[in-house]
Amino acid sequence: MNQARIQENIQNIINNFNKESFIFDLLLAYGLPKAGITRLRKGDRNLSSVPGEISWKKKLFFKEAADNDLHLIITNIKSKIKHDQRFIIVTDYQTLLAIDTKTDDKLDIPLNELPTHFDFFLPWAGMEKVTHKNDNPADVKAAEKMARLFDIIKKDNPDDSPEFIHGLNVFLSRLLFCFFAEDTNIFRENQFVNALDAHTNADGSDLGQWFESFFLVLDTHKEKRSDLPEYLNAFHYVNGNLFNKRFTIPQFTRRSRQAIIDGGQLQWKDINPDIFGSMFQAVIGADQRGSLGQHYTSVPNIMKVIEPLFLNELYEEFNKAIAHNNPAKTNHDLSHLLHRISKIKIFDPACGSGNFLIIAYKELRRLEMKIFIELEEIEKSHITKLSNIHLNRFYGIEIDDFAHEVAMLALWLTEHQMNVEFKKQFGQTNPTLPLKDSGNIVQGNATRLNWDEVCPKSQEDEVFVLGNPPYRGFSQQSTDQKSDLNYILGSTTKLDYIACWFILGSKYIGAHPKTSLAFVSTNSITQGEQVALLWPFVLNENKTIFFAHKSFKWTNSAKSKAGVTVVIIGITSKSINSKIIFENSHEKKVDFINPYLSTSKIIGVQKRKEPISPFPKMVLGNMPNDFGGLQFSPQEKQEITNNFPETNRFFKRVVGSQEFIKDIERWCLWVKESDVDSLKTIPQIAKRLLFVKDQRANSKKKSYNIYAEKPHRFIEIRHQSGTSLIIPGTSSEKREYLPIGLLTGEIIINNLAFAIYNPPIELFGILSSRIHNNWLRAVGGSLETRIRYSSLLCYNTFPFPQISDRRKQEITQGVFRILEEREKHPDKTMAQLYDPDKMPDGLREAHRLNDLAVEQCYRSRPFQSDEERLEHLFKLYEQMT
DNA sequence: GATCCGACATATA
DNA sequence: TATATGTCGGATC
C-alpha cells in the first residue's frame with residue numbers, strides 16, 4: 001500500500017466517521033492483515049478485557065476516554081503496557097493523543113486533522129520514519145576512508161597493469177565484506193580485525209601472506225580444513241565465489257595495515273548497501289574523486305522508477321487478494337502472487353554498484369513477507385516459510401570493474417539484511433552463509449553486449465528493465481561513446497549517449513508480452529531536436545510510454561551533485577489503457593503520453609530550414625568565436641577610448657540574451673577592413689587581436705583557422721542596419737511571456753539571441769503572444785527547464801495563417817501598446833518588467849489584448865485553455881506540413 | 001556556413 | 001550553500 005492510498009483511506013474515515021469502527025478502520029487503512037483485525041474486533045485477539053480498550057500485541061494499545069485529562073491517561077498506559085505495542089492511542093473522539101513507543105514521538109491533534117498527520121502511523125505499514133535514509137553521512141565517511149586506503153596501497157604498489165588493478169578491486173571488495181560481516185553477525189563482533197591485529201606484524205610485512213591464507217580459509221569447507229590454528233578455523237565458510245579466485249595480493253606497510261584496522265572501527269552496520277556501493281564507484285579513479293557519488297540514484301528516485309514499473313501493480317494484486325471475504329480465495333490468490341514474484345527477473349543494463357537491483361530485491365522480499373503474514377493469519381499454519389526470491393534472477397551490466405565487484409557484494413549484504421528482517425518476523429530464515437549465487441552481473445560495455453544473452457527470457461518470463469544509464473550530450477561524448485552510438489544507429493547523430501539504452505532497451509522488449517522498461521534519463525531526450533531523432537527508434541512495434549515523471553532536478557546526498565534535470569520514462573508493448581504522468585508529486589491518469597511527455601497527439605516536430613508560415617527569415621545573431629577577445633565591458637572600453645578618443649568609432653554595442661533581458665552594457669569591436677591597420681597601433685587592442693588570432697589558429701576547426709588571419713572581426717556576420725527584432729536564445733521559464741524587443745541603430749546581436757532584420761511590426765506581436773509561447777514550451781529545446789528559443793525548431797515550425805491587412809494593423813496597434821507600457825518604466829529591465837509577480841498591470845493588459853488579436857487570426861471563437869491552443873496548433877501544423 | 005546543446009555555469013543572497 | 005537564470009563555442013549537418 002502506498003502513502004497516497006493510506007492518506008486517502010484516512011480521509012475517508014474522517015469523512016464517513018463512525019465511532020464504533022474507528023480504530024479498526026484505522027488499522028485497515030494502513031494495510032494491516034484483515035483477518036487479524038476481524039479477530040481483534042471479535043475479541044479473541046484482544047489482550048484487554050476492559051470495555052473501550054483494544055490491545056494488540058506489537059501493534060496497538062487503544063483507549064476510549066471520556067475524561068478530560070487524556071494526557072494523564074496516556075502517560076499512565078505508557079508506563080504499564082507490556083506487549084511491546086508500537087502505538088498507544090487515547091481519544092475522546094474530539095482530540096486524539098498518540099505515542100510511538102519506539103521513537104517516543106507524540107501526536108496531539110484534533111481528530112479531524114488526522115489525514116494531515118497520517119505519516120505518524122506509517123510504521124504499521126512497514127514504513128519507518130527514517131528521516132533521511134538516503135542522507136547517511138556514514139556512507140560518505142566510509143567511501144572516503146576506502147578511497148584513502150586505496151591511495152595508500154596504490155602508493156606502496158606502483159603497478160598499473162589491468163591485472164593488478166583488478167586484483168586490488170577484488171581485494172577491496174573482500175575487505176568490505178569482512179568489515180561488514182563482523183558488524184552484522186555474519187562473523188563474530190570484531191572477529192576479523194582482532195584476528196588480523198593479533199596475528200600479523202605491526203610493520204605490515206607479513207600481512208599480504210596472512211590475507212592469502214585467510215581468504216583461503218574463508219573459501220574452504222570446515223570439513224576440508226586441516227591443521228589450522230583455532231582462531232582461523234573459527235571463521236565460517238563463505239563461498240559465493242567471493243573468495244575463490246587467487247589474485248596477487250598487494251604489499252602492505254605499517255601505514256596501510258593501520259588504515260585497515262582503522263577501517264574496522266567504522267560502524268559498518270549503519271551503512272546502506274543501497275548507497276554505499278555507489279560511493280565506492282569513484283574510489284578508483286583519482287580524477288573522479290571530486291565527483292564522489294555524484295551520479296548514484298537516491299532511494300526516493302529509485303522508488304519513482306520501480307513503483308510504477310511493477311511494484312504498484314503487485315501491491316494491487318496483493319490488496320485485491322486480501323480483500324476477498326473468502327479465505328480460500330485469498331489463500332489461492334496470495335499463493336499465486338508468491339509464485340509470480342519469485343519468478344520475476346530484474347535487469348539493470350547500467351547497474352553501477354547495483355542500487356536499483358538492491359532496492360528492487362528488498363521491495364520484493366518485503367512484499368513476500370507481507371504475503372506470508374497474511375497467509376499465517378488465515379491458516380495459523382506452520383508451513384516452513386523461507387524466501388523464494390533469489391539473487392540469481394537479478395541481472396546487470398556494468399562497465400566499471402570495481403563497481404561490478406561491489407554490485408555483487410552489495411547484493412549479498414542486502415540478502416543478509418533481508419534475512420535478518422525475515423528472521424525477526426518469522427523466527428527462521430534462509431542461512432546467509434555459505435553465500436549462494438549472487439546476481440548475474442556482467443562486466444562489459446552495455447552498448448555492445450547482446451542483452452538477450454545477459455538476461456535471457458522465455459515467453460513466460462516477466463522481465464523488468466530499469467536503471468539510470470549515463471548521459472552525455474553530443475559535444476561531450478568521447479570517441480568511444482560516439483562509435484557506440486554510431487554502431488547502434490548506423491550513422492552519426494546528435495543524440496545523447498543515453499539514447500543507446502533506450503534503443504537497445506526497446507529492441508530487448510521487442511514484442512515480448514511481459515517485459516517493460518523504465519529509465520531515469522536526462523530530460524533533453526524529451527525536448528527539442530532530439531525528440532524527432534530518437535523516438536521513432538524506440539516507439540516501434542506497438543510500444544508506448546506507459547508512465548512518465550516530468551522534469552525534476554537531480555538530487556542525491558553527494559557532496560557535489562550532478563547539475564542536470566531528469567525525467568523517468570516507462571515503456572512497454574503491453575496494452576495499458578490508462579497511462580500515468582507524474583508532475584510535482586502529483587499523478588494524472590491520461591490516455592496517451594507523447595515523447596515530450598505531454599498528452600497531445602504529436603510524435604515529434606522536426607527542424608525546418610524555412611518557415612511554414614508566411615514569415616520573413618529569422619537568423620542566429622552574429623557569432624564572434626572570439627574566445628572573449630573582441631568583446632569589452634564598459635570599463636575596458638572606456639580605458640581605451642579615454643586614451644585614444646578616435647577609437648570610439650570602432651566600438652558598437654553588442655547584445656545577447658543576458659544583455660537584452662538584464663540591460664547590461666557591453667561593447668564589441670566592429671570595424672571596416674580599411675581600419676584594421678590603425679587598430680593595430682592601439683596597444684590594448686593589438687593585444688586582444690593577437691589573442692584572438694592565437695586561439696583561432698589553435699582551434700581544431702578549419703574554418704576558425706582561416707579566420708585567425710582576420711582576428712578583428714566576428715567569424716559569422718549576418719548583421720543588417722536598420723531595425724531588428726531580437727529574440728533571446730535562453731529565458732527563464734517563470735515568465736508568462738517571452739521578452740522580445742525592437743532594437744534600432746547599430747546594435748550588434750550576438751549568437752546568444754536570434755534576429756529578424758527590418759521585420760514587419762506585427763511579427764513582434766505574434767512572437768510575444770501566449771500562443772507562440774505555448775508552442776515553444778511544447779516543441780522547443782530547453783536548458784534544464786529554461787525556455788530555449790531556436791529558429792529551426794520554434795520559429796520555422798510555428799503554424800500561423802495568412803492574414804488580412806486589417807488584422808495586421810490590429811496586431812501592430814497592440815504592439816505599440818506593449819511598447820508604450822514598457823516605456824512607462826524606463827528604469828526597469830526586461831527581467832523586472834516580465835517578472836510574473838511584479839509585472840506592471842498595464843503591460844499585462846497590453847499583452848492580454850495582444851493575445852486576443854493574435855488568437856483571432858486562428859479562429860473567431862476564443863481559446864479556453866493552453867491545451868486547446870496546442871491542440872489547435874498541432875492540427876494546423878499537420879495540415880501545413 | 002549555420003545552429004542547438006550542455007550528469008552545466010555562474011552570479012547572487 | 002541554495003537559488004535563479006543564462007555563457008560560449010564545439011560538433012554535426
Side-chain angles (χ1 to χ4, degrees), chain A residues 288 291 293-297 350 352 468-479 482 485-486 491-498 520-525 527-533 553-556 558-567 607-609 617-631 654 656-662 664 666 692 695-696 699-704 706-707 714-718 728-735 739 750-754 780-796 829-831 834-836:
Chain A
Q288 300 173 38
S291 52
Q294 264 198 328
H295 297 165
Y296 86 82
T297 317
N468 175 21
Y471 330 147
R472 196 115 293 216
F474 70 89
S475 55
Q476 326 266 330
Q477 288 162 20
S478 69
T479 328
K482 277 190 185 122
L485 251 172
N486 205 327
S491 63
T492 53
T493 174
K494 287 180 78 183
L495 283 170
D496 193 286
Y497 190 45
I498 198 177
V520 185
S521 165
T522 168
N523 67 352
S524 55
I525 61 163
Q527 289 159 346
E529 64 175 355
Q530 294 201 46
V531 172
L533 290 173
K553 220 172 166 44
W554 175 262
T555 89
N556 59 27
K559 264 194 225 153
S560 64
K561 288 173 246 307
V564 65
T565 296
V566 294
V567 293
K607 292 197 279 188
R608 299 183 69 89
K609 286 251 190 269
K617 194 168 172 56
M618 177 186 287
V619 294
L620 188 70
N622 303 277
M623 182 99 114
N625 294 113
D626 61 343
F627 302 86
L630 297 176
Q631 300 179 71
V654 61
S657 292
Q658 188 162 209
E659 291 76 18
F660 172 65
I661 291 173
K662 296 181 188 160
I664 295 170
R666 198 178 188 195
V692 174
Q695 293 290 322
R696 286 183 182 170
S699 166
K700 274 192 280 181
K701 286 196 66 169
K702 270 206 185 116
S703 53
Y704 288 10
I706 297 165
Y707 280 96
F714 282 26
I715 287 189
E716 283 171 27
I717 294 176
R718 286 177 278 272
T730 320
S731 158
S732 168
E733 72 275 22
K734 300 231 164 72
R735 295 175 190 131
N750 72 16
N751 64 319
L752 302 173
F754 292 84
S782 69
L783 178 55
E784 295 219 310
T785 44
R786 264 20 39 78
I787 287 176
R788 171 118 74 185
Y789 202 87
S790 79
S791 55
L792 307 194
L793 224 41
C794 303
Y795 177 76
N796 290 351
T829 64
M830 293 300 262
Y834 284 87
D835 181 325

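Order of the sequence lines sets the chain letters (A, B, ...), proteins ahead of strands, with each chain counted from 1.
- For dG6(C), the OP1/OP2 oxygens have no side-chain nitrogen or oxygen of Ser732(A) closer than 4.0 Å.
- Within the nucleic acid shown, Thr555(A) has no heavy atom closer than 4.0 Å to any nucleic acid atom.
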Grab the N/O contacts between the protein and nucleotides 11-13 of chain B below 3.5 Å, and write none if there aren't any.
none

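- Side-chain atoms of Asn625(A) and Tyr707(A), non-hydrogen and from C-beta on, never get closer than 4.5 Å to each other.
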Checklist entry - With Watson-Crick and G-U wobble geometry limited to distances under 3.5 Å, how should the secondary structure of DNA chain B be encoded in dot-bracket form, using | for bases paired to another strand and [ ] for crossing pairs? => result ||||||.||||||
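- Between Tyr704(A) and dG10(C) there is a side-chain N or O to OP1 or OP2 distance below 4.0 Å.
- Counting to the nearest Å, the P atom of dG6(B) and the CZ atom of Arg472(A) are 12 Å from each other.
- Looking at heavy-atom distances under 4.0 Å, Lys482(A) makes contact with sugar-phosphate atoms alone, never a base.
- To the nearest angstrom, C1' of dG6(C) lies 10 Å from CD of Glu659(A).
- Listed pair Arg788(A) / dG6(B) meets the phosphate criterion, a side-chain N or O lying under 4.0 Å from OP1 or OP2.
- When heavy atoms are screened at a 4.0 angstrom cut-off, Arg696(A) is found touching no nucleic acid atom at all.
- No engagement by Ile715(A) is indicated, since no non-hydrogen atom pair under 4.0 Å with the nucleic acid exists.
- Using a 4.0 Å heavy-atom distance criterion, Tyr497(A) is classed as making no nucleic acid contact.
- Gly563(A) comes within 4.0 angstrom of a base, heavy atoms only.
- Remark: P of dG1(B) and NZ of Lys702(A) are 13 Å apart, rounded to the nearest angstrom.
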